[in-house]
Number of protein chains: 2
Amino acid sequence: MMTLTQMRYFYEVCQWQNITKAAEHLHVSQPTISVAMQTLEAETGLNLFHREGRKLVVTPEGSKLLGKVNHILPQMDQLETEIQDMAHNRNHIRMALPLQIGTRFLPRILGEFRLAHPQIKLEIIETGGISALQMVEDEKLDIALTNYATGFSQKLCYQKLYDCECCFVTYPFHPLAKRKSVSFADFADEELVMLDSHFFIYRMVHDLYTAHSCKPRVIHFSPYLHTIKNLVESGICSTFLARQAVLPDENLVAVALEEPFYINSGIVTKKGRQVYEDEQQLIDYLQQITKDM
Amino acid sequence: MMTLTQMRYFYEVCQWQNITKAAEHLHVSQPTISVAMQTLEAETGLNLFHREGRKLVVTPEGSKLLGKVNHILPQMDQLETEIQDMAHNRNHIRMALPLQIGTRFLPRILGEFRLAHPQIKLEIIETGGISALQMVEDEKLDIALTNYATGFSQKLCYQKLYDCECCFVTYPFHPLAKRKSVSFADFADEELVMLDSHFFIYRMVHDLYTAHSCKPRVIHFSPYLHTIKNLVESGICSTFLARQAVLPDENLVAVALEEPFYINSGIVTKKGRQVYEDEQQLIDYLQQITKDM
DNA sequence: GTGCATTACGCGGCGCGTAAAGATC
DNA sequence: GATCTTTACGCGCCGCGTAATGCAC
């Protein structure tokens with residue numbers, strides 16, 4: 001079987017009618033070409049060259065072969081560049097954004113980043129962390145910027161961006177609203193509305209209560225952050241959220257926990273998958289803007 | 001650089017959407033394909049496959065690449081077969097025939113052999129052994145069927161066919177014509193006409209006389225066998241020729257030498273050159289017909 | 001458990017470079 | 001002797017197979 005290397009070598013030797021020149025041009029040693037051409041002749045069973053003194057002349061059948069090679073090599077080169085292009089310009093990225101702090105990222109990503117990289121088509125899915133991870137694993141998504149528990153799946157790659165402090169969030173006239181911080185005993189019996197089990201925050205809260213051998217009094221689960229906030233603002237109950245999820249202009253109070261807990265937030269990709277250049281740019285951007293947070 | 005093997009593997013895997021099947025079809029082990037595809041993905045920087053459970057699905061960019069591969073692979077296959085054809089059907093053979101016994105071979109080659117292999121175009125050059133060898137070395141000829149001295153050139157391949165007995169050849173009414181054999185003393189002083197120094201016979205005769213510390217009395221050198229025979233038939237002088245060179249219907253007498261010497265006759269090709277199938281057929285034919293001689 | 005894919009590991013071959021020899025002008 | 005090619009030889013890498021492990025149904 002004639003290899004591509006043989007073809008390239010053969011091509012150059014034919015061009016120069018000189019092995020030394022060909023070797024220099026190919027950045028390999030002269031004997032390499034010499035033996036390669038001998039091997040090629042042996043393998044094809046053709047007399048490709050005619051040695052006259054120390055001059056190499058291509059035989060008729062040599063140039064016939066050269067013709068074919070001249071046809072195939074450019075196609076191979078084109079293939080290479082097309083592969084490069086495909087790998088470098090995969091300008092459609094499907095990304096999950098965390099519901100809680102998505103509101104902070106979303107304007108910057110859709111504004112600043114999109115302006116800087118107009119060729120990149122961003123498809124953003126807002127969903128709970130658990131399902132986001134599942135979608136990345138199923139390759140329904142390219143990237144998830146989300147909360148995660150390390151080791152959720154062996155098939156994922158976790159790249160931490162920041163820690164999310166989890167707070168007790170309530171309405172301004174709640175007894176605990178004025179407190180600087182609250183202990184577990186303070187809020188243990190509070191009625192709660194919680195993001196449902198597709199979200200990491202519920203897992204953490206659940207685990208926290210379990211550690212204290214009791215259960216949270218959740219009166220409602222919702223997959224909608226807006227619903228959660230609405231219920232809390234209405235003074236019906238409280239909740240737990242990441243500090244960043246509570247915006248300044250909202251009628252909510254985020255109170256620190258005396259035993260604080262954190263959710264890892266970061267970029268999750270599927271292990272083994274190629275990270276395309278455009279994806280990498282997005283990741284770099286996210287890393288940069290989270291530095292300031 | 002994407003190799004041809006990678007392309008073939010990739011193609012098969014895409015066809016079957018299954019590594020095991022592809023491996024069987026390619027007659028390699030399963031892990032071979034598995035790692036090859038991983039390497040391919042890493043090298044191209046593309047996600048070619050999407051693993052769903054134990055099923056392999058080609059991604060959109062995978063099938064894009066497959067498209068290119070589907071275009072190149074058939075060309076490569078065609079190239080291979082064309083190389084095969086070129087090597088097997090090089091139906092133009094340039095061959096030198098020995099002047100002295102060419103007359104015996106020529107009718108059979110141009111008759112019998114040409115009939116049996118009508119596709120082979122034979123170009124036959126009649127010339128002296130020395131120049132024939134030189135022409136083979138210079139690749140002006142493909143084959144020389146000729147007399148030779150082994151080791152004439154390092155660049156030639158010698159394949160012995162038979163020995164040529166050299167005889168003292170004279171006219172019927174010459175004093176030595178009736179002898180069964182002649183010694184060196186018998187013919188040492190004879191006047192001779194000789195094939196010139198392009199022919200091996202002269203070399204041998206020259207060496208014979210030198211061994212006896214004398215010189216042959218050559219009154220004329222000629223490159224034409226016809227001239228030699230003509231002069232001898234005219235009763236002007238004698239010569240030395242291979243026994244086969246003297247035909248029965250000629251008015252010549254070939255007398256054996258008491259100290260006989262022989263010239264190797266055989267097939268000479270250039271070392272390192274490919275021997276094409278058609279050439280091999282001719283060689284086989286020559287070997288066969290010389291067995292009977 | 002069965003079928004498929006992946007990982008681990010050792011072997012062999014091949015392409016390469018260096019160095020030396022050979023050939024041609 | 002200068003230039004170019006070929007031969008000799010040793011090394012490192014890569015593709016391969018076997019065997020073991022991992023996963024999914």
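Per chain, numbering begins at 1; letters A, B, ... match sequence-line order.
- Classification of A:Glu41 and A:Arg51 as a salt-bridged pair holds, one side-chain N sitting under 4.0 Å from a carboxylate O.
- Note on A:Lys155: only backbone sugar-phosphate atoms sit closer than 4.0 angstrom, heavy atoms only; bases stay farther off.
- Partners of B:His92 by ring-ring contact (aromatic ring centres under 6.0 Å, His included), not counting sequence neighbours: none found.
- Qualifying salt bridge (charged side-chain N to carboxylate O under 4.0 Å, His left out) partners for B:Lys271, counting only residues two or more places apart in sequence or in other chains: none.
- Residues from residues 25-32 of chain B lying near DNA chain C, meaning a heavy-atom separation below 4.0 Å, are B:Gln30, B:Pro31 in numerical order.
- For the pair A:Ile19 CD1 and D:dT6 C1', the interatomic distance rounds to 9 Å; values are reported in whole Å.
- Checked against ring-ring contact (aromatic ring centres under 6.0 Å, His included), B:Phe221 has the following partners two or more places apart in sequence or in another chain: B:Tyr202.
- Nucleotides of DNA chain C nearest to B:Gln38 and A:Val35 differ in position, and the one nearer the 5' end is that of B:Gln38.
- Here the CD-CZ distance, from A:Glu279 to A:Arg273, works out to 6.0 Å after rounding to the nearest 0.5 Å.
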### Message
For Watson-Crick and G-U wobble pairs within 3.5 Å on both distances, what is DNA chain C written in dot-bracket notation, | included for inter-strand pairing?
### Response
|||||||||||||||||||||||||
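- Between the P atom of D:dC25 and the CG atom of B:Leu56 lies a distance of 14 Å, rounded to the nearest Å.
- Contact check, A:Asn18 against D:dT5: a side-chain N or O comes under 4.0 Å of OP1 or OP2.
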Pairs under 3.5 angstrom only: tabulate donor-acceptor contacts from the side chains of residues 125-137 of chain B to other protein residues two or more places apart or in another chain.
residue, atom, partner, partner atom, Å
B:Thr127, OG1, B:Ser131, OG, 2.9
B:Ser131, OG, B:Gly128, O, 3.1
B:Gln134, NE2, B:Asp138, OD1, 3.4
B:Glu137, OE1, B:Ser153, OG, 2.9

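- Residues satisfying the ring-ring contact (aromatic ring centres under 6.0 Å, His included) test with B:Tyr209, not counting sequence neighbours, are B:Phe184.
- The minimum heavy-atom distance between A:Phe49 and B:Glu139, with the atom names listed, is O-OE1, 4.3 Å.
- Side-chain contact between B:Thr269 and B:Leu156 is absent, with no heavy-atom pair separated by less than 4.5 Å.
- Going from atom CD of A:Glu24 over to atom P of D:dC4 covers 8 Å, rounded to whole Å.
- A:Thr44 pairs by the side-chain contact (heavy atoms from CB on, under 4.5 Å) definition with A:Leu40, A:Leu46, A:Leu48, B:Ile83, not counting sequence neighbours.
- Every side-chain contact (heavy atoms from CB on, under 4.5 Å) that B:Thr3 has, sequence neighbours left out, goes to B:Thr5, B:Gln6.
- In terms of heavy atoms, B:Ser29 sits closest to B:Thr32 at OG-OG1, 2.8 Å.
- For B:His50, the ring-ring contact (aromatic ring centres under 6.0 Å, His included) test picks out no residue, with sequence neighbours left out.
- Scanning DNA chain C 5' to 3' for nucleotides with an atom closer than 4.0 angstrom to a non-hydrogen atom of chain B gives a first and last hit of C:dG3 to C:dT24.
- OP1 or OP2 of D:dT6 sits under 4.0 Å from a side-chain N or O of A:Arg51.
- Remark: nothing in residues 1-17 of chain B comes within less than 4.0 Å of DNA chain C through any heavy atom.
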